[in-house]
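Taking it in order: structure first as structure tokens, then the write-up.
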Amino acid sequence: KKCKKEQNRIVTELKKQHSTPTDKDYACPICKDTQDDMRRKGYTKRRLSWCLDHDHITGAFRGYICNICNTGLSNLQDDIEVLKSGIRYLRNNIP
């Protein structure tokens with residue numbers, strides 16, 4: 001619980017320093033979707049919001065990404081080796 005409070009404090013401070021993208025053509029730097037793309041895919045309002053991405057160890061701001069990509073990175077523990085393993089897995093298992 002203490003860790004979660006600290007993460008919330010860091011995110012709040014970062015949001016003061018880095019405003020949320022408002023340009024309608026802003027695209028997620030990972031999947032390249034804009035909010036219009038996400039609407040066409042039927043995303044709910046919550047999933048249409050941009051997420052402030054930051055390093056959970058250093059607290060450094062990395063940018064704004066879409067909710068789907070943020071969840072994906074989080075589920076893969078922000079770990080480059082896990083992401084590489086996922087890429088290898090997909091390459092070997094998608095025809």
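Residue indices begin at 1 and follow the sequence shown. All figures in this text were calculated on a predicted structure; none of them were measured in a lab.
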Discussion item. For a side chain to side chain contact (heavy atoms under 4.5 Å, CB included) check, start with the C-alpha distance between Asp78 and Arg62, then their side-chain angles and the critical distance, and finish with the verdict.
Written reply: CA-CA 12 Å; Asp78 289 350; Arg62 295 192 288 213; 3.0 Å; yes
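- Within the model, atoms CG of Asp33 and CG of Asn67 stand 12.0 Å from one another, a figure rounded to the nearest 0.5 Å.
- Taking CD from Gln7 and CZ from Arg9, the interatomic distance works out to 9.5 Å, rounded to the nearest 0.5 Å.
- Taken to the nearest 0.5 Å, the CD1 atom of Ile87 stands 12.0 Å off from the CG atom of Asn92.
- Think of Leu73 as one node in a network of Ile, Leu, Val, Met, Phe, Trp and Tyr side chains linked at under 4.5 Å; its network also takes in Ile30, Ile65, Leu76, Val82, Leu83.
- Rounded to the nearest 0.5 angstrom, Arg88 CZ and Leu90 CG are separated by 11.5 Å.
- Smallest separation of non-hydrogen atoms from Met38 and Cys66: SD-CB, 3.8 Å.
- At least one donor-acceptor pair closer than 3.5 Å links the side chain of Asp37 to the backbone N or O of Thr34.
- Evaluation of the ring-ring contact (aromatic ring centres under 6.0 Å, His included) rule for Phe61 yields His18, Tyr64 as partners, not counting sequence neighbours.
- Between atom OH of residue Tyr43 and atom OG of residue Ser49 there is a gap of 12.0 Å, rounded to the nearest 0.5 Å.
- Contact annotation: the side chain of Asp23 never approaches that of Pro21 to less than 4.5 Å [non-hydrogen atoms, C-beta and beyond].
- Gln35 CD to Trp50 CH2: the interatomic distance, rounded to the nearest 0.5 Å, is 5.5 Å.
- Residues Glu13 and Lys15 form no side-chain contact, since every pair of their non-hydrogen atoms from C-beta on lies 4.5 Å or further apart.
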